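Hydrogens, waters and symmetry mates play no part in the numbers below; they use all other heavy atoms, side chains included. Since the model is a prediction, treat every value here as computed from it, not as a measurement.
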Amino acid sequence: MAATEITQDNLESTINDNDIVVLDFWAPWCGPCRAFAPIFEEASERFPDVVFGKVNTEEQQELAAMFQVRSIPTLTIFRERIIVFNQPGMLSAGQLDEVLGKVSELDMNEVRRQVEQQQEG
């Protein structure tokens, strides 16, 4: 499954309608972003239950600002509408597979409990 272009118009529905969403914040002029693109696309084939979205930071500056993207590429992963991974820099295929495996194994009840504790504190 190829990556979906994410814009202001489809971001919320993409996150709300899918269990796991991986966002790649990138720009056409960014060398590491171009090097990471095939790794990202190949992962989308290996993980058909995960939605892979690409956010062009040149065209979607509001989204880049909303997610406080300071460096590209940056990967942000949502699980059940909660950000569970957010990291700048390029990952290898093996690293991306490992992160996605760990994200899918998360105990989301525990994650929600931790989020609630952070919000209370």
If only atom types and distance count, is the side chain of Arg79 paired as donor or acceptor with the main-chain N or O of Asp19 below 3.5 Å?
no
Going only through I, L, V, M, F, W and Y residues with side-chain contacts under 4.5 Å, is there a path from Phe25 to Ile6?
yes
Does a side-chain heavy-atom distance below 4.5 Å link Pro38 with Glu41?
no
Any side-chain heavy atom of Gln87 within less than 4.5 Å of one from Thr74?
no
Is the shortest side-chain heavy-atom distance between Asp24 and Phe36 below 4.5 Å?
yes
Walk me through whether Met66 and Leu11 qualify under side chain to side chain contact (heavy atoms under 4.5 Å, CB included).
CA-CA 12 Å; Met66 184 170 88; Leu11 173 70; 3.3 Å; yes
Counting N and O atoms only, with roles assigned by atom type, does the side chain of Thr57 sit under 3.5 Å from a partner on the main chain of Trp26, one being a donor and the other an acceptor?
yes
Side chains of Glu5 and Thr7 in contact at under 4.5 Å (non-hydrogen atoms):
yes
Restricting to non-hydrogen atoms, name the atom on Val84 and the atom on Phe78 that form the minimum distance, rounded to 0.1 Å.
CG2-C, 4.5 Å
Value for CG (Leu100) from CD (Gln95), rounded to nearest 0.5 Å, stands at 12.0 Å
Is any side-chain N of the basic residue among Arg112 and Glu116 closer than 4.0 Å to the acidic one's carboxylate O?
no
Which atom of Leu96 lies closest to which atom of Ala43, heavy atoms considered
CD2-CB, 3.5 Å
So CG of Asn109 and CD of Gln114: to nearest 0.5 Å the spacing works out to 11.5 Å
Report yes if the side chains of Pro88 and Pro73 come closer than 4.5 Å at any heavy-atom pair, otherwise no.
no
Find the distance between OG (Ser104) and CG (Asp49) and round it off to the nearest 0.5 Å.
9.5 Å
Can you list the steps and then say if Asn86 with Ile77 is a side chain to side chain contact (heavy atoms under 4.5 Å, CB included)?
CA-CA 6 Å; Asn86 188 44; Ile77 303 177; over 6 Å; no
Side chains of Leu75 and Val22: closer than 4.5 Å at any heavy-atom pair?
yes
If you round to the nearest 0.5 Å, how far is CE of Met108 from CD1 of Ile82?
4.0 Å
Is there side-chain contact between Val51 and Thr14, with at least one heavy-atom pair below 4.5 Å?
yes
Look at the side chain of Asn18 and the backbone N and O of Val21, then say whether any donor-acceptor pair between them is shorter than 3.5 Å.
no
Give, for atom CD1 of Ile20 and atom CZ of Phe47, the distance between the pair rounded to the nearest 0.5 Å.
9.0 Å
Is the number of heavy atoms from other residues, nucleotides or ligands under 6.0 Å of Gln117 CD greater than 12?
yes
For Pro28 and Asn56, work out which heavy atoms get closest and say how close.
CD-OD1, 3.6 Å
Could you check whether atom CD of Glu58 has more than 12 heavy atoms from other residues, nucleotides or ligands sitting under 6.0 Å from it?
yes
I need the Phe85 CZ to Leu23 CG distance, nearest 0.5 Å.
12.5 Å
Working for side chain to side chain contact (heavy atoms under 4.5 Å, CB included), residues Thr4 and Asn10:
CA-CA 10 Å; Thr4 303; Asn10 68 358; 4.2 Å; yes
Audit row: Arg113, Glu110, salt bridge (charged side-chain N to carboxylate O under 4.0 Å, His left out) steps and yes/no:
CA-CA 5 Å; Arg113 188 183 66 71; Glu110 177 65 18; 2.5 Å; yes
Is the shortest side-chain heavy-atom distance between Gln60 and Lys54 below 4.5 Å?
no
